[in-house]
Amino acid sequence: MSKDVVADLKRDHIAKLLEKGIRTDGRKFEEMRPLTVETNFIGSAEGSARVRLGDTQVVVGVKLILGEPFADTPNSGVLTTNAELIPMASDTFEGGPPDQESIEVARVIDRGIREGHAVDLDKLCIEPGKEVWIMFVDVHVLDYDGNLFDAANIGANAAFKTAIVPAKRAGKGEDYPLPVKHQPISLTAVKIDGKILVDPSHDEERVADARLTVATIENGNLCAMQKGLDGAFTLDEVFKVVDLSRRIGEDIRSRL
Amino acid sequence: MSKDVVADLKRDHIAKLLEKGIRTDGRKFEEMRPLTVETNFIGSAEGSARVRLGDTQVVVGVKLILGEPFADTPNSGVLTTNAELIPMASDTFEGGPPDQESIEVARVIDRGIREGHAVDLDKLCIEPGKEVWIMFVDVHVLDYDGNLFDAANIGANAAFKTAIVPAKRAGKGEDYPLPVKHQPISLTAVKIDGKILVDPSHDEERVADARLTVATIENGNLCAMQKGLDGAFTLDEVFKVVDLSRRIGEDIRSRL
Amino acid sequence: MSKDVVADLKRDHIAKLLEKGIRTDGRKFEEMRPLTVETNFIGSAEGSARVRLGDTQVVVGVKLILGEPFADTPNSGVLTTNAELIPMASDTFEGGPPDQESIEVARVIDRGIREGHAVDLDKLCIEPGKEVWIMFVDVHVLDYDGNLFDAANIGANAAFKTAIVPAKRAGKGEDYPLPVKHQPISLTAVKIDGKILVDPSHDEERVADARLTVATIENGNLCAMQKGLDGAFTLDEVFKVVDLSRRIGEDIRSRL
Amino acid sequence: MGGTPTDLKLIDENGRRLDGRLPDEMRPLKIEAGVLSRADGSAYVEWGLNKVMAAVYGPRECHPRHLQNPERALVQCNYNMASFSVDDRKRPGPDRRSHEISKIISEALTHVVFTEYFPRTSIDVYIEVLQANAGTRCAGLTAASVALADAGVPMRDLVASCAAGKVADTVVVDLAKEEDNFGQADIPLGYVPRTGEIVLLQMDGDLTSDQFNKGISMAMEGCKKVYEVQRDALKRRYEVRSAGTELEVLGAAPAKEGM
Amino acid sequence: MGGTPTDLKLIDENGRRLDGRLPDEMRPLKIEAGVLSRADGSAYVEWGLNKVMAAVYGPRECHPRHLQNPERALVQCNYNMASFSVDDRKRPGPDRRSHEISKIISEALTHVVFTEYFPRTSIDVYIEVLQANAGTRCAGLTAASVALADAGVPMRDLVASCAAGKVADTVVVDLAKEEDNFGQADIPLGYVPRTGEIVLLQMDGDLTSDQFNKGISMAMEGCKKVYEVQRDALKRRYEVRSAGTELEVLGAAPAKEGM
Amino acid sequence: MGGTPTDLKLIDENGRRLDGRLPDEMRPLKIEAGVLSRADGSAYVEWGLNKVMAAVYGPRECHPRHLQNPERALVQCNYNMASFSVDDRKRPGPDRRSHEISKIISEALTHVVFTEYFPRTSIDVYIEVLQANAGTRCAGLTAASVALADAGVPMRDLVASCAAGKVADTVVVDLAKEEDNFGQADIPLGYVPRTGEIVLLQMDGDLTSDQFNKGISMAMEGCKKVYEVQRDALKRRYEVRSAGTELEVLGAAPAKEGM
């Protein structure tokens, strides 16, 4: 992320406000932006959700197709997560093959839902070693005002909740709801001048020193974590973000 | 197509002549360039033709290999058209993966022969849903002096007429002629300063405002159409090109 | 290989020394650099060797997996050689897809071991036309001080000698040693100002006029040859390199 | 895949189409302008079961530089289908079809933009098809025009787009998915209502001369209806945006058009 | 594939792990600095059954130019696994996993390098995994730090890296391959011993709060041990290199640290 | 695939090859220069069942600029096989084999072009194999030389190219497809007849020292014959082109050579 002159000025502005305990959009440090979730937004998908987190807007679509399991997990369906940071969403995104940033976003989203067992993949097995459901989770970012990690994670969880396995169309019996197991919710925080802010906006992300995403499940256990950016965290700061993730995750989960 | 200073001068020159009813190579507005067609030019292809349309020179090769049908057309062979605008043919072509221009050329050629049912794809089915002939139509442009659409279309039709299905080599019975059904012939015209010219040369294409390709079959019905370039047509101009396509198409068809 | 000012100066320096019969590192014209070969360097490979030829360092790994034979050689295993000139090895290597130089290196190495029948591919057939061993020879260049051809060729031969066919893991009976047939050893020489030098260093390669690689087997027969660079050889020079290849190849073979 | 052309009655005995429409009846169309925060202009279109988003960035510096035109702006459209927009998941990234559509939409839009006002720049138009149900190129071009206007890009007029086609030997307007899959012809049209110019035109299938003439007329009528919805969307957008700020959008002479 | 999670006893009755280690015991670690001739700096690491090479080129001109930062150097890491480094041959070239690892290692190293000394340049770090056995990103980051120091790049401190994890409900340090494959959680950590800063942190699996706290502490202890081995390697390297030449490596104040 | 090496008699009892040729007999060769309108120079070669087109553009500005050589022109050859040029359709686009051939042909041509006359430029040579029947790299290099001369690029001499090989233990010149597929060795050679220089040389198969010596001599003799046909083609081309205009083609001293 190139930090040029404009960014320096922006940084000064943001930092000065933070000294006074204020974020540029008036939020408290530990306050999320307004969240709206609209499920079944895409009729051609087996499950879908359109999520707005402040001005960030993503559409998550879930598709299921028949395929073969991996050799080392013959009894499990296959989960594939893809995130497209398309140039529509921001002038900082470029077209073409996914860059490191898109890949990190996709992998962090994937890690949250995979390690948190959002979907019971064993229930997506049709014939062990032969045929399983391949589940594609596609994240389409339409408008990018920061914190894709959480917007997409929420979208994926919401889409799962309403998704239907299209067994009938594939000649595999009756349709049934996607077997949801947990709701691993991620929380992303950034550090700017030693302050920890949750749900960063695009401007906050651009000037942040470090970023930490922590995903937790219902019982408060941790299932995934990713630190990013050039800065560092202290151990206490890590523990603080973990606590915030537990607390805010519970709130978000209750609203899905 | 970049329109730089040279192009501006060229445009002025061409336009001035057109005012007097003259094209730079002396042709009338509705006159094609000299056409020669040489079939069976490539021994390694199942069918082939070398076409010269003025200084434009293309080789079209048809290859047939065994393969699977598409799921939604289990009783039909598969048609795949590819056009390579190789840098040999013009200093305006670059190497590398096909660009939008090559893709448009290939798709317009494909549309003409597919929608005009040049080949009876149902007769290229061996076992429904299992095995069919995959037909590759490869257009190799050696020398590019404009109007690839029609040169390639004529080449494809000529190659089909002489192509043999290599059933014997594949252990599928005796060889037989490619089942040709129609001869959809395309005509391309451009609009320069309100004049409609058929079979544009490279220079005419470069300065043209708009381009229209219309393909027709024996009974005069339309089977494919493509408008190109930044300019516009009136409805009357479209009808005029449709009429030209019917008339000139019949003439070309009679010469194959 | 761009020949800039630095290269010109280097060339003058090298050429002046050569006039006196001296190479920059003190070697004679027909003298190889010190060679060390360490086999079984990579536990995850079926066979491997780390080769140092002067400061050039390569790791060659051999992997065997089950697969299908080519249609025209139903009774033979498949040999695939890949060379990665990774940017770690030299500031003249760039990342990304293999360039012409990497491809030439891989193909020349492949040609030597394939045409010299280093491995008896017929003994890698499990069921004719159905199942054979696919042998991947991967050359990883860690440090590049010239003459990859010979360093990799030696590494491949050494890796073959110690490689094991992992039949047991694949449920195809007991493991057995890779069926080695010949040891085709390549020798590379360059021509600088009419002098022929074997085993060129990176600096010598950069200023060389022409390059010739010749591979021979035990009985002195030739199995592969590749001339490179913009310069030319006389017929006598070719014969001289052929003789050197036979002589030095025998010596190297005896040390594996 | 139960439905095949032979089972499917695309036009019933009452002359109604599968979804109950008459031959000259269009699917419901909703357009909303200014729906994205980051883009300079945007529009969202729901047209039957199509859901399409368009965004515009620019005029801005043109990359790579060798594409810059010293005399005018480049209008570069990128049409893309989301992987979940169709029943069988589409692999992400452009395919040959989307390259072609991007090209012809770019050309159609270039005709109406005053590109000469912004030499060396690029006006980038992104079209994302979120749900596809036949007619996405028309929906995309329609949305892109509105997004350009929303971005304040000076234009001669909006481009309106609509298709006609032939199903069960009947010429109809605005084909839906089954009609597109099992029909006999399709004619997507891009049209400039103020001048009557045709800026996008394709056709495939089988049409007599008369059928083509009837089809293109129907498509033009469709475009005129689309144009009204486009203008309504922009009006609503300006009403929201402007509390006393001046309107200046459709380049040439917006005042005359009452916008 | 004989071993499945159910058969496999990852911790035996004596609290020993598969390879005989105790929960807080690390695998053997050997580091050698300055092992390549062409690179500006290099290091080779054998850590358990991992074999990893790192090389550094730069600071040098940054290509492509549009990536140049006018105020500081770019630290660009490229992590790559050799095709023969794993049991099932890996296709050559980067995959999504290696792109992610390259990114987070670049970020971790950037934190300790005095990038402001070398504006507009690139410091390129290449990590090649020759043999992989779990923990390659930690081994790679560890090797890269030493290679940077070997190249004379000024740094605040070395980054040391080590993972902890959970197997058979026990928190352990430095997972080996079977523990990674069949374990319950993994926490790779990149740590700056002198300041106590965390510059790389990931986690996946299932951990209670207490397990996470214990795990990250264990990983930190591991990093401190790694740090000692890193420093030893550099000392040996300087003893070889310097017959009277001055030491000046760890930028800020190497003398204080006794190196 | 009826024919296998065991059934196939590559040399019959009369010493004749499959197509009736004697060991030192070449396939028919026809060359025509100046066959394309857009290229600066071109040549079409039919050699046995090979059909090969070559075109030359340049000297022209070299793209991308970082490849420019401030002291000389770059001769960049691109060898390509049409997808229909072989029995089993070839996927369009370059493969590893064509990259290698492009490289060695570029190098061979560079040797004879006066590249120092045109610093910073590129001379682009395109070779398209339309029909392939063994020996396409020799046919391509032969065609490319003529195309360069046709483009008026100053050259020391033409490069002539021909292969020899071994089939059924006999050394033969100019292998045809079956001989290449089922033979024992192949030696493609690029040769500068005026100087006796070898500018392209490859070999694969199995050859004793004597066989190699005999083969390379045969290939040289073949090259000399090719050279005559190349010169004839250029003569015819100049006779057509020049109605009174001066000849000035083979750079150095064409007059001496009687062209």
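Order of the sequence lines fixes the chain letters, A, B, ..., with proteins taken first and strands second; residue numbering starts at 1 for each chain. What you see is a predicted model, and the numbers here were worked out from it, not measured in a lab. The analysis underlying the following values was restricted to heavy atoms, covering all of them including side chains, and did not include hydrogens, waters or symmetry mates.
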Presence of salt bridge, E:E107 and E:K103, under 4.0 angstrom:
yes
A:H117 and A:H182 aromatic ring geometry - parallel, tilted or perpendicular at 30°/60° bounds:
perpendicular
Compare every heavy atom of E:V173 with every heavy atom of E:C162, then report the nearest pair and how far apart it is.
SG-CG2, 3.9 Å
Interchain contact, A:L235 with chain E, by part (heavy-atom threshold 4.5 Å):
both
Does the A:E204 side chain pair with the main chain of A:S201, one donor and one acceptor, at a distance under 3.5 Å?
yes
Could you tell me the separation between the CZ atom of A:F29 and the CD1 atom of A:I196, rounded to the nearest 0.5 Å?
10.0 Å
Does any heavy atom of chain E fall under 4.5 Å from the side chain of A:R246, the backbone, both, or neither of them?
side chain
Residue from E:V199, E:T110, E:V112, E:L207 scoring the most non-hydrogen pairs under 4.5 Å with chain A is E:L207
At a 4.5 Å cut-off on heavy atoms, which part of A:V238 comes close to chain E: side chain, backbone, both, or neither?
side chain
Which atoms of E:L200 are under 4.5 Å from chain A, going by heavy atoms: the side chain, the backbone, both sets, or neither?
backbone
Please flag which part of E:N213 lies under 4.5 Å from any non-hydrogen atom of chain A: side chain, backbone, both or neither.
both
